[in-house]
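Notes follow the structure.
Letters A, B, ... mirror the listed sequences (proteins, then strands); counts begin at 1. Values reported hereafter were calculated over all heavy atoms of this structure, with side chains retained and with hydrogens, waters and symmetry mates removed.
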Protein chains: 2
Amino acid sequence: MNLRYDEVVRSGIAKQVAENIRSAIMDGRLKIDERLPTEDDLARSFGISRPTVREALKRLAAQNLIHSRRGPQGGNFVKRPDPEGLSKAITGAATLLVGVGAFDIDEIVTARLETETICCRLACENRQEEGLQAMAAEILVQQDASISDEEFCASDVRFHRALIDSSGNGPLKLMMYTVIEAFIPITNMIVFRVRERRQVVAYHTQIIDAVRARDAGAATAALSELLSYVRTSYSAALDARGKREKT
Amino acid sequence: MNLRYDEVVRSGIAKQVAENIRSAIMDGRLKIDERLPTEDDLARSFGISRPTVREALKRLAAQNLIHSRRGPQGGNFVKRPDPEGLSKAITGAATLLVGVGAFDIDEIVTARLETETICCRLACENRQEEGLQAMAAEILVQQDASISDEEFCASDVRFHRALIDSSGNGPLKLMMYTVIEAFIPITNMIVFRVRERRQVVAYHTQIIDAVRARDAGAATAALSELLSYVRTSYSAALDARGKREKT
DNA sequence: ATCCAATATTTGTCAAACCTATATTTAAAT
DNA sequence: ATTTAAATATAGGTTTGACAAATATTGGAT
């Protein structure tokens with residue numbers, strides 16, 4: 001272990017140290033599950049104080065790069081990167097972006113349509129009973145008229161997640177969890193008023209039937225109709241809001 | 001500002017405080033560019049020490065949620081979420097995942113093919129002179145035989161980035177930067193030995209010409225050929241490695 | 001040999017100070 | 001009167017030193 005910072009810039013020591021250790025992890029000088037030197041040793045070897053070291057370590061912990069244990073044989077350890085955690089982090093940040101209005105609904109719907117179409121196709125090729133069952137379960141939930149809008153939306157998200165999972169493609173899943181968790185709610189929430197749940201469920205059913213039959217054409221067609229339905233519902237909701245504001 | 005933590009659990013005060021402030025930002029109780037209370041005030045109002053508050057703030061800074069300025073009128077401020085920063089963070093984490101072998105080349109290539117095909121189509125619809133120029137510039141770079149493999153790879157990444165940018169779809173760009181920055185290098189590096197730069201450049205040229213002519217069919221066809229070329233080159237590289245290991 | 005308690009190690013938290021950057025204000029010089 | 005330069009106050013950045021809490025190891029008693 002040879003962590004030492006090369007050039008002392010004026011400020012942000014903690015940041016530099018974090019960056020230093022981070023790059024050591026990234027290029028493999030620190031391996032997975034390896035223990036870092038103790039905080040005291042780090043402080044000594046970097047020539048800084050322990051709280052500063054800790055600030056640096058907290059930055060890394062926030063990025064899910066390390067975790068810590070107390071006690072003897074404890075310490076700070078390089079964490080094995082997990083797609084699940086990354087997905088969550090991306091989703092949170094993407095949700096913020098959406099909340100801030102960084103994207104307009106039209107491009108979100110387009111992105112959803114294009115990317116989920118891929119998933120439909122791959123799901124048809126790679127059809128697994130597990131994914132089909134997960135989707136079917138969500139359809140059952142959605143048919144229950146007593147659930148709230150929020151629950152319906154959550155089930156909607158899970159349905160599309162299952163569709164993505166069925167693609168069986170890891171990198172694609174990583175990319176798309178973002179879209180789903182962050183982008184579906186914003187489209188749904190706006191649209192709820194005008195939107196017929198039964199219509200949505202009908203499209204979902206079409207999709208799952210098509211995937212089961214390995215009919216990619218039918219699956220993507222149903223998806224396309226679902227999203228154009230969402231798009232028109234959104235326009236309708238906007239119009240309604242416009243009228244209300246005129247009064 | 002009314003940040004206070006509800007229940008004291010046993011450990012991880014800094015983590016809790018970070019989570020507390022984080023949720024305040026997420027659900028809008030803290031607005032963009034708003035100043036948090038001073039670290040001393042936070043420490044007082046949470047009933048903890050300042051170093052602990054700072055650890056919490058560092059976590060948030062690492063997640064790009066806040067930034068700090070010194071001096072009077074300084075303090076910690078809620079940061080406007082920016083797609084650029086998020087992309088970088090995702091890329092870093094995704095690169096780690098790739099490095100750890102979380103995905104195999106085949107699914108990466110598939111994901112690239114499918115998603116970049118979308119970009120090709122949208123780029124044809126949304127063709128902008130700016131994007132075309134950026135792509136053309138990279139082709140010029142790639143034709144220079146004197147550049148290193150690393151430089152060629154970097155230019156390759158920039159070319160595909162420009163292609164994505166040309167789609168003009170923000171959410172899609174967000175998703176795809178991940179793929180490009182993290183997934184192109186791994187495919188390229190393995191393949192360099194066997195791969196003909198001229199061939200790659202030829203495909204790139206086909207793509208840009210097709211986009212310029214708004215011929216989505218030709219563009220996606222060229223992309224598909226490029227990636228199947230990458231895929232076969234990869235197999236060849238694997239075979240070569242296999243033979244070498246037999247000796 | 002087994003179990004329990006003392007111990008050592010390492011992270012977690014705290015306290016009080018000092019350093020450093022910077023916006024504002026004040027005072028001086030033009 | 002205006003501009004410039006220095007003093008000041010503020011708030012983050014860092015240090016020192018200590019104590020608390022968790023936990024694997026060690027040593028002693030049964």
Shorter than 3.5 Å, N or O on both sides, protein versus nucleotides 6-9 of chain C: list them out with atom names.
unit_1	atom_1	unit_2	atom_2	d
C:dT9	O2	A:Pro72	N	3.2

Give the minimum heavy-atom separation between [X] and [Y], together with the two atoms involved.
X: A:Ser166; Y: A:Gly131; answer: OG-CA, 3.5 Å
X: A:Ala111; Y: B:Pro171; answer: CB-CB, 3.9 Å
X: B:Lys173; Y: B:Ser167; answer: CG-OG, 4.5 Å

Open item on the list: Suppose we call a contact any N or O donor and acceptor under 3.5 Å apart; does that hold for the side chain of A:Arg50 and the base of D:dG17?
Closed with: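 Counting by modelled atom types and ignoring angles, no donor-acceptor contact under 3.5 Å is found here.
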
Open item on the list: Any residue in residues 57-69 of chain B with a heavy atom nearer than 4.0 angstrom to DNA chain C? Just list them by number, or reply none.
Closed with: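 Heavy-atom contacts with DNA chain C come from no residue of residues 57-69 of chain B; none.
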
Over how many whole Å does the gap from [X] atom [atom1] to [N] atom [atom2] extend?
X: B:Arg44; N: C:dC14; atom1: CZ; atom2: P; value: 14 Å
X: B:Ile13; N: C:dT11; atom1: CD1; atom2: P; value: 18 Å
X: A:Lys15; N: D:dG12; atom1: NZ; atom2: P; value: 16 Å
X: A:Glu39; N: C:dC14; atom1: CD; atom2: C1'; value: 15 Å
X: B:Phe46; N: C:dC14; atom1: CZ; atom2: P; value: 12 Å
X: B:Glu55; N: C:dG12; atom1: CD; atom2: P; value: 7 Å

- [ ] Could you pick out which residue, A:Pro51 or A:Gly74, lies toward the 5' side of DNA chain D when each is mapped onto its nearest nucleotide?
- [x]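 By nearest-heavy-atom nucleotide position, the 5'-most residue is A:Pro51.
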
Task: A:Arg161 bridged to A:Glu181 by N-O distance under 4.0 Å - done: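 A salt bridge links A:Arg161 with A:Glu181.
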
Open item on the list: I need the single residue from A:Ile21, A:Val78, A:Val17 that forms a side chain to side chain contact (heavy atoms under 4.5 Å, CB included) with A:Leu60. Which is it?
Closed with: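 Among A:Ile21, A:Val78, A:Val17, the one meeting side chain to side chain contact (heavy atoms under 4.5 Å, CB included) with A:Leu60 is A:Ile21.
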
Task: side chain to side chain donor-acceptor pair (under 3.5 Å) contacts touching residues 56-65 of chain A (sequence neighbours left out) - done: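 Qualifying pairs: A:Arg22-A:Gln63, A:Asn64-A:Lys79.
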
It should be established whether [X] places a side-chain nitrogen or oxygen under 4.0 Å from OP1 or OP2 of nucleotide [N].
X: B:Arg54; N: D:dG12; answer: no
X: B:Asn76; N: D:dA11; answer: no
X: B:Thr52; N: C:dG12; answer: no

Open item on the list: Considering every strand and a 4.0 Å limit on heavy-atom distances, what is the contact class for A:Asp40: base, sugar-phosphate, or nothing?
Closed with: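 A:Asp40: no heavy atom of the nucleic acid under 4.0 Å.
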
- [ ] Classify the ring geometry between B:Phe159 and B:His204 as parallel (under 30°), tilted (30 to 60°) or perpendicular (over 60°).
- [x]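 It falls in the parallel class, under 30°.
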
Open item on the list: Would you say that more than 12 heavy atoms from the other residues, nucleotides or ligands in this model lie under 6.0 Å from the CD of B:Glu151, or not?
Closed with: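 Enclosed.
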
Task: pair B:Val98-B:Phe183: side-chain heavy atoms closer than 4.5 Å - done: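 The answer is yes, as the side chains (C-beta and beyond) meet within the 4.5 Å cut-off.
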
